[in-house]
Amino acid sequence: MAITEKELLLPALYLISKNDKLNTTKLIKSLTELYKPEGHDAEIISGRNDTFFSQKVRNLTGSHYSTNKMSDYTGRDKNGYFSLTQLGTDYLNKHIEDLDYIFNTGFSYKDKANVTNKLSKESANNKLLILDENVTVSEGETKTKQAKVKSRSTQLRDAAIDYFSKTTNGLKCCVCGFDFYKKYGARGKNYIEIHHEKPVSQYEKEDITVTIKEAIKNLKPLCSNCHKMIHRYPKELLSVSELKDIVKSEESKNDN
Ligand SMILES: [Zn+2]
Ligand SMILES: [Zn+2]
């Protein structure tokens, strides 16, 4: 999928908030590093120095600066460095946790683009909730959006545990086969970590059961060790099959 200019607005604000010396050229560079575009967006436009991706950033800050509302959310000083207006700061703050999660988990270009596409389409009365695999529900949660994210993330995890416990493999780590119940008895019963291979999100008004049904394809049961290895380097998420290959190749070394 190709990203649109409008979808790049929020990520641009995110980067501007972290760096007070961003002009258009540096914003292009930073957004490219953040997304690592693939496919059509990564191609160079013939006869130009721009990729399709960088051309969109250029449009956002240039010819479409006001149509995409970039001019409401940012200002520029005489050197061309961007800063956030109050409106920009407020808009960014609503999504700062979502963006931190999406851009620091090592998701693919397509997955990152998908989420920013959904974020750009949310409305005041239908917010996007990004479900988190590391959620722990705490008492007395005050922020409504966070509370909803937590309760749905927990529902998703519980549904996944229920789902995997009914498969032939049961609640075993899908990489190394570790079984918490077998190892720890009652203390480990029904325990497994649930990994999100792709980000899971839904609009507030969408049905959680539909989200769960869709998301379960991209969830994986893992033991704590294998899970940690997958996330060890935040910007390089391993896939389950990549980690399986590593384990297999290390085991074969030990066999010889
Ligand atoms: Zn494992
Ligand atoms: Zn994970």
Side-chain angles (χ1 to χ4, degrees), residues 34-36 95-116 118-119 128-138 146 148-202 208 211-255:
L34 192 68
Y35 274 96
K36 300 189 180 66
H95 294 293
I96 193 85
E97 288 174 358
D98 297 335
L99 297 168
D100 274 335
Y101 172 63
I102 288 308
F103 291 125
N104 293 300
T105 306
F107 291 126
S108 71
Y109 177 55
K110 200 175 153 210
D111 291 338
K112 287 185 276 200
N114 251 326
V115 174
T116 40
K118 283 178 149 187
L119 275 172
L128 188 72
L129 308 173
I130 299 175
L131 276 48
D132 190 330
E133 63 177 37
N134 301 309
V135 77
T136 48
V137 182
S138 54
Q146 278 314 98
K148 279 181 185 145
V149 167
K150 286 183 175 182
S151 101
R152 288 181 204 203
S153 301
T154 308
Q155 282 183 63
L156 176 61
R157 188 194 57 207
D158 292 349
I161 288 180
D162 185 52
Y163 171 82
F164 290 119
S165 68
K166 288 171 184 154
T167 61
T168 46
N169 219 19
L171 283 188
K172 290 192 186 77
C173 173
C174 67
V175 172
C176 72
F178 189 86
D179 182 330
F180 283 89
Y181 184 45
K182 218 169 164 184
K183 181 80 177 176
Y184 302 112
R187 185 89 179 176
K189 197 176 178 193
N190 285 332
Y191 187 81
I192 196 80
E193 296 188 6
I194 300 294
H195 170 60
H196 294 192
E197 281 206 304
K198 286 173 180 287
V200 182
S201 63
Q202 68 162 125
I208 179 75
T211 303
I212 289 173
K213 218 175 146 198
E214 267 305 298
I216 214 119
K217 293 178 250 172
N218 298 308
L219 304 187
K220 294 278 153 40
L222 288 169
C223 76
S224 314
N225 285 349
C226 293
H227 199 190
K228 185 71 197 176
M229 289 302 107
I230 277 179
H231 286 284
R232 178 152 190 217
Y233 301 108
K235 300 207 166 165
E236 299 166 37
L237 191 72
L238 283 184
S239 69
V240 161
S241 62
E242 283 168 328
L243 187 64
K244 270 186 189 163
D245 289 344
I246 291 173
V247 171
K248 217 184 265 172
S249 106
E250 290 307 309
E251 277 170 358
S252 73
K253 277 185 205 164
N254 295 337
D255 289 344

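Both ligands and their constituent atoms are indexed starting at 1 by order of listing. Bear in mind that the values here come from a model prediction, so they are computed numbers and not experimental data.
Taking backbone and side chain together, Cys174 holds no N, O or S atom under 2.8 Å from the Zn ion (ligand 1).
Counting only residues at least two apart or in different chains, salt bridge (charged side-chain N to carboxylate O under 4.0 Å, His left out) contacts with residues 222-242 are absent. For residues 165-194, the set of pairs meeting the salt bridge (charged side-chain N to carboxylate O under 4.0 Å, His left out) definition, not counting sequence neighbours, comprises Asp162-Lys166.
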Working note: Tyr109 + Lys36, criterion side chain to side chain contact (heavy atoms under 4.5 Å, CB included); need CA distance, chi angles, decisive distance, verdict. CA-CA 6 Å; Tyr109 177 55; Lys36 300 189 180 66; 5.7 Å; no
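Around the Zn ion (ligand 2), the protein N, O or S atoms found under 2.8 Å comprise Glu133 OE1, Glu133 OE2, His195 ND1, His227 NE2, His231 NE2.
Remark: Lys220 pairs with Glu197 by the salt bridge (charged side-chain N to carboxylate O under 4.0 Å, His left out) rule, at least two apart or across chains.
No hydrogens or angles considered: nothing links the side chains of Glu214 and Gln202 as a donor-acceptor pair under 3.5 Å.
Dense packing is recorded around OH of Tyr101, with more than 12 heavy atoms of other residues, nucleotides or ligands lying under 6.0 Å away.
Contact check on Lys248 versus Glu251 returns no salt bridge, with no Lys/Arg side-chain nitrogen under 4.0 Å from an Asp/Glu carboxylate oxygen.
Angle SG(Cys173) to the Zn ion (ligand 1) to SG(Cys223), rounded to 10°: 110°.
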